[in-house]
Amino acid sequence: MSGYVEGILVILLLNVVFAYAVYWPLAAGQLNLGVAGFVGVGAYLSAYLSNEYGISPYLACIGGGLVTFVFALIIAVPVLRTKGIYLALATFALGQVLQSLFLNLEVVGGAAGYPVIAYIGLTGIAVIAVAVFLVTAFLERTRFGLNMVAVHDDEAVSDLFGVNVRRYQALAFAIGAGFAGIGGGLYGHHFSYIEPQNYSILFSISVVLFVLLGGTQTVLGPLLGAVFFTLLPEVLRGSEEWRYAIFAVFIIVTMILRPQGLVTTFELRAVRRLFGGGGGGGGSGLGRRAHG
Amino acid sequence: MADAPVLRLDGVSKSFGGLDVIRNLSFEVARGQRTALIGPNGAGKSTVFNLVSGVYPVTAGRIRVNGQDITDVPSRLRMSRGVSRSFQNIRLVPHLSVLENVLIGQTPRISRLAEVLYPVRLVRNSHWKREAMGALERAGLAELAGSQVDDLPYGVQKQIEVARALLGGADVLLLDEPAAGLNPEETEELRERLRNIADQGTTLVVVEHDMQFVGALCEHVVVLDFGEKIAEGTPAEVRREPRVIEAYLGSDAE
């Protein structure tokens, strides 16, 4: 495999992990614009663990993800008191606070950045990215996932049917943050260097953008969004400096023509029918739709 | 507790700001009974449902289910204490299939982590799905199990709501205008279905404007006007009551 292809694959797999970090809160109806902050928490934590204590980089990444999960669960208590656009603003602010925290933490290099000694290659990233996808796909099929759709669509009714709405919202937020933390750890251990500038609002917005592009109705949407977002600029590479302009036009046109995203429940159902599934016991109705 | 009424309200009041919406309301619903809560628009019927299901806290008074005081129980836990309900405006989860909406009805009975993490949308023939399919079959909706709910006619969605509300294992089912917006044929079907549900032991409390429907379904009627109980009895009894006639038609003296 050429270095170029391998480089693209790594970016693609990392984007898949980040996509599910944004997908989980969206599945509960929350727009998290602070995902870069959680990516940074995971990146710094895991780098510190493997640099200073010499533990396996894989364990460091998973550990960093777990700590980010717990951190987000605590942060969720005040942050999730806000709703809608105010929640987006609160998470945006949280991302900014975390970024300036990294900038001022001298123990991990502050503005100068932090070198990461241990290395994780393509295979390791691929295994973890696939695991993140499978965990999401499984949870979405459980009663937990079913109740999450209910919470997304109608909080009052979910509550009356015994769903602890706040707990579900906090868990969606924290699971997303945990995946963000794992992704951050993988990024640091692959590129061997992290710096606060990586974890800006621009990063959060591009991930949200490609998840919405792919669609949040189904668990496959974020995957497709990540693939498009990573590969399309490469395909357009021939047109040199125009490729980002073309890419931007593509995104705008998609949002106009398909605000619900590229892949929805409808397409999945059609595919299932094609393969003779979908009948018997109402297995269809796969996934969910977002109201935006 | 077998002799305790399934639902009992004692001196329940509710004010919003300075406005008394429910005033000192007391009534009992016996086990297996089919009760109607009627009254002119704005009499407070839906508010009573919201108080019993815990959407709003009461200002005063106590609410008991199966003899247990549930006045301070959070809304989330009331279904497992025995009260289930449907809504005046349909409140199904629009992005789930019919079967999945009915599966939501089982949530009050779920407590263990293993049950929460059970892949109920993946396993084809689980006991949860079989139970939900059974509920759909009894409602005559089995062939719609895989449809998305927001594509279905209004009357069908109402039936799904009832099927969902029943699966929580509640003793008393509150139905807010179940016949509203249904054509005569659908109304007839619904009445038969509710009779069957009551015969199987679920106590029904219905808010309804269609007096013919009430007369044909219910054996007990509580009449509200401006948040107060003005009459109670069989449909025939309350129909003769002068205060009821006055509340619905206005008094002659004016």
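What you are looking at is a predicted structure, and each value in this text was computed from that prediction instead of being measured. Below, read A as the first sequence line, B as the second, and so on, with proteins coming before strands; counting in each chain starts at 1.
Both the backbone and the side chain of B/Ser75 come within contact range of chain A, judged by heavy atoms closer than 4.5 Å. At a 4.5 Å heavy-atom cutoff, the contact between B/Leu103 and chain A is made by backbone and side-chain atoms alike. With a 4.5 angstrom heavy-atom cutoff, B/Leu77 does not touch chain A via any of its atoms. Within the 4.5 angstrom heavy-atom criterion, atoms from both the backbone and the side chain of A/Asp159 approach chain B.
Paired with B/Asn50 under the rule side chain to side chain contact (heavy atoms under 4.5 Å, CB included), one option of B/Val55, B/Val21, B/Asp176 passes, and it is B/Val55.
Counting only distance, with no hydrogens or angles, the side chain of A/Ser46 and the backbone of A/Cys61 share no donor-acceptor pair below 3.5 Å. In this structure, the side chain of B/Arg78 engages the main chain of B/Ile70 through a donor-acceptor pair within 3.5 Å. No side-chain donor-acceptor contact under 3.5 Å links B/Glu208 to the backbone of B/Leu37.
Dense packing is recorded around OH of B/Tyr154, with more than 12 heavy atoms of other residues, nucleotides or ligands lying under 6.0 Å away.
Proximity of the aromatic rings of B/Tyr118 and A/Phe144 is defined here by a centroid distance below 6.0 angstrom, and this criterion is not met. When ring centroids are compared, B/Phe16 and B/Tyr56 come within the 6.0 Å threshold.
Options B/Gly105, B/Ser84, B/Gly54 differ in how many heavy-atom pairs under 4.5 Å they form with chain A, and the most are formed by B/Gly105. Heavy-atom pairs under 4.5 Å with chain A peak, among B/Glu115, B/Arg85, B/Gln106, B/Arg130, at B/Gln106. Note: A/Leu160 leads A/Val163, A/Val165, A/Leu160 in heavy-atom pairs under 4.5 Å with chain B.
The cationic group of B/Arg109 does not satisfy the cation-pi geometry with B/Trp128, failing either the under 6.0 Å distance to the six-membered ring centre or the 45° limit from the ring axis.
Against chain B, no residue from residues 72-85 of chain A qualifies, as none has a non-hydrogen atom under 4.5 angstrom away.
Using the six-membered ring where Trp is involved, A/Phe71 and A/Phe38 have ring planes that are perpendicular, over 60° apart on the 30 and 60° scheme.
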